[in-house]
Amino acid sequence: MFFLENAEIVENDRVGDGLYELKCRAPQIAGKGEPGQFVHVEIKPHQDASASPLLRRPFSLYGTDAERGMISILYRIRGVGTSLLAEVGPGEYLSVLGPLGKGFTLSGAGSAVLLVGGGMGIAPLAYLADRLLESGCGVNVLYGAETARELVALEKLEQSGARCHVATMDGSRGHKGLVTDLLARMPAEKAADMIYSCGPSEMMAHVAQFAKERGIPGEVSLESNMACGVGVCLGCAVRLKAGDRDYAKVCSDGPVFPIDQVEFEAGEGGRK
Amino acid sequence: MFFLENAEIVENDRVGDGLYELKCRAPQIAGKGEPGQFVHVEIKPHQDASASPLLRRPFSLYGTDAERGMISILYRIRGVGTSLLAEVGPGEYLSVLGPLGKGFTLSGAGSAVLLVGGGMGIAPLAYLADRLLESGCGVNVLYGAETARELVALEKLEQSGARCHVATMDGSRGHKGLVTDLLARMPAEKAADMIYSCGPSEMMAHVAQFAKERGIPGEVSLESNMACGVGVCLGCAVRLKAGDRDYAKVCSDGPVFPIDQVEFEAGEGGRK
Amino acid sequence: MNLEVDLGGIRLANPVVMASGTFGYGFGYEGLLNPNEVGAVITKATTREPWAGNPPPRIAETPCGMLNAIGLENPGIEVFLSKYLPRLRSSGAVVIVNIAGRALKEYVELASIIDKATGVAGIEINISCPNVELGGMQLGTAPRMVSEIVKAVKEETNLPVMPKLSPNVTDIVGIATAAECAGADAISMINTLQGMAVDIETKRPVLGNIFGGLSGPAIKPVALRMVYQVYRAVDIPILGGGGIMSAKDAIEFFLVGASAVSVGTGTFVNPRLAMEVKAGIEDYMERHGHTGLDEIIGAAVL
Amino acid sequence: MNLEVDLGGIRLANPVVMASGTFGYGFGYEGLLNPNEVGAVITKATTREPWAGNPPPRIAETPCGMLNAIGLENPGIEVFLSKYLPRLRSSGAVVIVNIAGRALKEYVELASIIDKATGVAGIEINISCPNVELGGMQLGTAPRMVSEIVKAVKEETNLPVMPKLSPNVTDIVGIATAAECAGADAISMINTLQGMAVDIETKRPVLGNIFGGLSGPAIKPVALRMVYQVYRAVDIPILGGGGIMSAKDAIEFFLVGASAVSVGTGTFVNPRLAMEVKAGIEDYMERHGHTGLDEIIGAAVL
Ligand SMILES: Cc1cc2nc3c(=O)[nH]c(=O)nc-3n(C[C@H](O)[C@H](O)[C@H](O)COP(=O)(O)OP(=O)(O)OC[C@H]3O[C@@H](n4cnc5c(N)ncnc54)[C@H](O)[C@@H]3O)c2cc1C
Ligand SMILES: Cc1cc2nc3c(=O)[nH]c(=O)nc-3n(C[C@H](O)[C@H](O)[C@H](O)COP(=O)(O)OP(=O)(O)OC[C@H]3O[C@@H](n4cnc5c(N)ncnc54)[C@H](O)[C@@H]3O)c2cc1C
Ligand SMILES: Cc1cc2nc3c(=O)[nH]c(=O)nc-3n(C[C@H](O)[C@H](O)[C@H](O)COP(=O)(O)O)c2cc1C
Ligand SMILES: Cc1cc2nc3c(=O)[nH]c(=O)nc-3n(C[C@H](O)[C@H](O)[C@H](O)COP(=O)(O)O)c2cc1C
Ligand code: FES
Ligand code: FES
């Protein structure tokens with residue numbers, strides 16, 4: 001069950017270099033959305049009509065506020081669609097379709113979970129952390145970025161009570177290097193009951209390896225070019241494992257998949 | 001000689017139902033533009049990319065102010081391009097190509113001229129009136145519109161010193177009926193030394209007939225769909241007379257043509 | 001206002017049809033757009049056996065259009081009949097099954113199997129998919145092949161049969177008349193134009209399959225031209241489409257000779273498009289004083 | 001940075017060429033874009049005798065594209081040679097003359113006349129115009145006809161000869177290889193896709209000629225696909241174009257195998273486009289560490 005809402009933008013703020021947080025009024029989506037699900041957003045056009053995007057663009061829910069009827073997304077400017085999205089302002093309207101896809105399986109109260117996110121992969125994880133903390137889980141977050149200024153979800157994560165461990169490639173905050181380096185520092189016993197991850201493929205590959213070694217179940221959120229977003233066009237297909245005969249649809253079989261069902265090829269299915 | 005200018009919009013005001021006057025800073029065009037010439041304007045895109053215009057749109061110069069480096073156009077919302085044009089505001093920029101085409105032949109000082117305009121056809125004539133009055137001509141204007149509210153150039157014309165005779169279809173101002181009805185009221189002797197006209201084809205057809213009967217030379221400004229605006233694409237071709245073997249290019253052979261070179265077919269070449 | 005139309009023996013309550021491959025098996029947009037609201041649902045291409053489809057990426061965007069290279073991924077006719085058709089049937093939707101294959105034999109088998117099923121209103125023969133190595137478009141670009149396939153399918157079934165033509169041909173009229181002579185009940189057009197996209201940073205084709213099918217507003221002028229040409233040449237009804245994004249676009253197709261219109265890519269942009277098109281057609285007809293679609297079908301054909 | 005390129009014997013100082021019919025005889029944009037700044041100017045189609053062209057309207061806009069139905073209006077070869085060529089020649093521009101006709105004989109005559117003129121760098125054979133009743137596209141859609149015309153023209157002249165292919169064909173590779181075998185020095189592609197537009201208020205085709213040629217960004221995916229296919233099949237250089245609106249678009253054409261690019265409709269939108277494309281190609285090559293165009297030509301062809 002999903003909705004098509006003409007959502008009034010309440011804020012669309014620059015939160016870092018090329019990074020934006022957009023909040024809009026979409027009460028039906030706000031009432032139903034779950035962590036890991038996404039919205040499919042129509043983009044306003046470019047001055048050059050031939051460069052204007054025809055298709056919608058998918059973004060993970062970064063948060064929902066059912067009471068106020070608001071949803072938020074966190075996004076990075078990547079191409080023409082996201083550039084144009086950054087130009088809309090409060091009071092304007094966007095057509096938003098959602099919530100779409102399968103979200104994360106929420107762990108039971110009391111369990112200890114580990115979230116590993118890189119770049120924009122943090123968006124669905126930050127929303128997930130909120131929900132897990134509300135339900136009484138212990139939440140550890142390994143959060144990686146290029147540089148401290150890009151750790152745009154850190155404040156939100158810390159405020160909601162998650163224990164955050166940070167890595168930046170330039171060492172401007174936390175560990176200098178890959179976020180997956182931090183995995184090695186996790187206690188050998190009971191590192192977590194469940195692992196959730198979203199980010200670049202290389203990162204998720206490491207996380208999957210770690211989960212396998214420690215025998216911890218987990219889930220990852222994948223990415224793919226989309227047309228419909230609802231499972232009818234078969235455009236978002238990914239082969240989860242090299243040997244699979246069939247393709248999975250990121251939009252409706254996922255975007256969240258069990259971590260042990262995915263083999264990560266360099267560059268594919270990941271989020272920057 | 002023409003220019004491509006990125007023109008800052010200074011005002012784009014609604015001056016009547018679906019009628020707008022746009023002023024922008026285009027110093028090179030302002031310095032060279034002559035009455036009857038036009039500018040070719042790039043249009044900003046539509047929310048629906050597939051409805052956005054690719055091509056520029058032509059508009060007659062309604063006025064130039066070489067000192068302040070400003071030009072103005074007067075336009076009516078007709079389709080998608082003009083609708084979008086009405087949405088741009090002061091401070092925004094438009095790419096403007098011009099001045100293009102052949103303008104009106106200016107009459108010598110002291111001559112008595114007659115201008116006959118209908119609808120948006122008044123735009124080039126109002127600019128022409130200005131110049132003719134400056135050079136010491138006596139200017140009579142026959143100005144027709146559907147209703148008084150559409151006589152948006154009347155004030156400008158009267159301020160510049162032209163003698164205006166008005167006709168409206170609904171009789172809300174001046175003569176009730178066609179502007180060409182006013183032709184019959186012109187003095188039989190020396191009605192004018194020269195006639196200039198722009199408007200619907202039916203109107204121009206009457207004016208041409210009148211000019212022929214009285215033996216007065218004249219000029220008309222025509223319209224046609226355009227691509228390049230500068231004479232290279234041959235897209236704006238019109239057949240001036242039914243018997244002609246060749247087509248004329250409105251953009252570069254015109255838009256102004258000697259009145260006796262044109263046969264007016266209903267609906268073709270006119271301006272609403 | 002009567003929007004009913006007869007598409008070669010398939011009765012449609014309204015002329016807006018969901019294009020194959022863009023509406024799955026009818027329930028992808030449930031709640032927003034239900035299969036029984038539209039004139040008919042043309043299901044995703046079904047083959048004899050399951051097909052895995054092409055490697056990703058399968059989608060790329062182009063100016064006013066998109067490329068797809070799905071490669072006819074589908075679970076095969078048996079799964080279609082057991083898993084998807086029953087639900088569609090019970091919804092009350094008019095179901096047209098789009099069939100594809102690598103060779104004549106597969107089309108024949110599919111037709112004979114579908115003929116025995118209940119709840120199918122007609123068959124659309126996909127001889128125009130640009131995204132598969134064998135079959136698909138290859139079969140649809142020679143009049144003789146088109147004729148053979150239509151004849152063979154007609155022999156297996158009493159259902160109305162509608163070949164879907166490829167625009168990637170020199171002579172669309174030759175193909176259409178071949179189809180008509182072979183006994184086609186209607187003609188569906190157009191499928192996608194073959195195109196490609198390139199990524200200048202990676203210096204690679206964007207699509208896993210290199211080539212894909214271009215759909216969306218970009219192709220509308222080509223689609224209108226072909227419908228116009230075919231309308232002048234054949235007497236069977238035409239299902240017209242390609243780039244329809246509004247009621248205005250749909251009306252253009254009626255005016256050049258389409259009896260019904262298909263909406264594809266437009267649904268991805270606006271999931272309610274089919275219903276908005278339907279409403280817009282009604283408005284237009286009312287405004288122009290028309291009471292039946294036959295008054296506008298082909299009205300602009302000189 | 002070396003942007004020089006050899007287009008089948010025509011040496012271009014830079015690879016950005018003005019497409020036939022969109023730059024007149026070189027001086028329409030004087031001051032903004034001069035004929036000697038671009039790689040070459042391809043002049044508006046010239047026929048043996050003057051042609052009046054098609055009735056208006058000749059232009060319509062479509063999503064991300066435009067239709068034209070000029071109908072090869074031109075003053076004929078004699079006027080071209082006496083009135084337009086001298087000025088172009090003295091500007092220092094590289095001039096390629098686009099020729100068209102109703103029959104083989106006219107092409108032959110044109111070639112022999114142009115061969116005797118001075119200041120022409122090459123001949124583009126227009127066998128792909130969708131807007132004339134006879135000749136034009138009809139001649140360009142059958143490999144045998146293409147072969148005959150190219151051979152006949154080659155016999156009359158030592159100038160490099162470049163047929164311009166129509167995209168309105170089932171098998172572009174067959175046409176291109178026929179041209180190559182017949183002795184073509186290069187291939188120009190693509191001309192416009194045949195399309196039409198309809199006015200739903202007047203219920204008439206928009207264009208006086210009903211059909212027109214679709215150009216602009218809408219056709220770029222089709223053009224890229226065809227250049228890619230032809231590049232794999234022939235050894236002569238390709239002048240690629242169709243919908244180029246930016247340096248990025250141009251680079252896409254190089255990557256799929258074009259040796260030079262043509263800019264057409266884009267100039268109407270942005271008169272300085274050719275020079276911006278040239279500058280953008282230089283930037284790209286610098287950024288990617290390329291020193292010659294040969295390093296990117298065909299780089300994305302698998
Ligand atoms: C389920 C899902 C959730 C996502 N969540 C987020 C998020 O929370 N924050 C965020 O910043 N980004 C997210 N993305 C990625 C986001 O959708 C892309 O960055 C965006 O579509 C790029 O659009 P563009 O026009 O700016 O880029 P383009 O210029 O179109 O292309 C840039 C890149 O984006 C990819 N791309 C293009 N079109 C699509 C499409 N239709 N679908 C997916 N990718 C495409 C291309 O492969 C290309 O590499 C998510 C993607 C998916 C599939
Ligand atoms: C030399 C000249 C001077 C003009 N001066 C004025 C003026 O001062 N004020 C004014 O209001 N209008 C003027 N026009 C008319 C103006 O150009 C059209 O109203 C405008 O192009 C319509 O664009 P649109 O996108 O709103 O309409 P569309 O939706 O494109 O179509 C509406 C109508 O405009 C016509 N049209 C479409 N494209 C073009 C095109 N490229 N060139 C010309 N006509 C086109 C179509 O035939 C159609 O009937 C002038 C036209 C010309 C040729
Ligand atoms: C993602 C996608 C999948 C498609 N799959 C099929 C298919 O399986 N069978 C078929 O005949 N046409 C298929 N088509 C073509 C459409 O049915 C339609 O003919 C084409 O897209 C043109 O219409 P449009 O511009 O409205 O999309 C597909 C199109 C798209 C975009
Ligand atoms: C108005 C117009 C006139 C054209 N005239 C000719 C012509 O005379 N001869 C020719 O070979 N191509 C002609 N063409 C085709 C262009 O040269 C070019 O091949 C085509 O427009 C595709 O490129 P584009 O999308 O960059 O415009 C014409 C195109 C347009 C738009
Ligand atoms: S995006 Fe259409 S099936 Fe996933
Ligand atoms: S608009 Fe191109 S020649 Fe007049």
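Lettering follows sequence order; numbering is per chain, from 1.
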Original post:
For D:Leu67, is it the side chain, the backbone, both, or neither that has a heavy atom closer than 4.5 Å to a heavy atom of chain C?
Top reply: side chain
Subject >> Between CD1 on residue D:Ile251 and CG on residue C:Asp199, distance to nearest 0.5 Å >> reply: 11.5 Å
Subject >> Greater than 12 external heavy atoms within 6.0 Å of D:Arg144's CZ >> reply: no
Original post:
Do D:Ile210 and C:Tyr228 have side chains that get closer than 4.5 Å, going by heavy atoms?
Top reply: yes
Original post:
What residues of residues 255-277 of chain C sit under 4.5 Å from chain D when you count only heavy atoms?
Top reply: C:Leu255, C:Val256
Original post:
Out of C:Asp171, C:Val222, C:Val169, which one racks up the most heavy-atom pairs below 4.5 Å with chain D?
Top reply: C:Val169
**OP:** Starting at CZ of D:Phe253, measure out to CD1 of C:Ile200 and round the result to the nearest 0.5 Å.
**Re:** 13.0 Å
N/O donor-acceptor pairs under 3.5 Å from side chains in residues 293-302 of chain D, not counting sequence neighbours:
{"residue": "D:Glu295", "atom": "OE1", "partner": "D:His290", "partner atom": "ND1", "Å": "3.0"}
{"residue": "D:Glu295", "atom": "OE1", "partner": "D:Thr291", "partner atom": "N", "Å": "3.3"}
{"residue": "D:Glu295", "atom": "OE2", "partner": "D:Thr291", "partner atom": "N", "Å": "3.4"}
{"residue": "D:Glu295", "atom": "OE2", "partner": "D:Thr291", "partner atom": "OG1", "Å": "2.9"}

Original post:
Tell me, do C:Met226 and D:Gln194 make a side-chain contact under 4.5 Å, heavy atoms counted?
Top reply: no
Subject >> D:Tyr284 versus chain C, the contacting section by heavy-atom distance below 4.5 Å >> reply: side chain
Subject >> Check against side chain to side chain contact (heavy atoms under 4.5 Å, CB included), D:Lys220 and C:Thr62 >> reply: CA-CA 8 Å; D:Lys220 192 185 67 170; C:Thr62 66; over 6 Å; no
**OP:** Calculate, to the nearest 0.5 Å, the distance between atoms SG and CD1 belonging to D:Cys64 and C:Ile219 respectively.
**Re:** 13.0 Å
Original post:
Hey, are the side chains of C:Glu201 and D:Arg287 touching, using non-hydrogen atoms and a 4.5 Å cut-off?
Top reply: yes
Original post:
Heavy-atom distance under 4.5 Å between the side chains of D:Leu193 and C:Leu193, does that happen here?
Top reply: yes
Original post:
Which atom pair, heavy atoms only, marks the closest approach of C:Ala218 to D:Leu214?
Top reply: O-CD2, 3.9 Å
Original post:
Can you find a heavy atom in the side chain of C:Asn168 that is under 4.5 Å from one in the side chain of D:Thr170?
Top reply: no
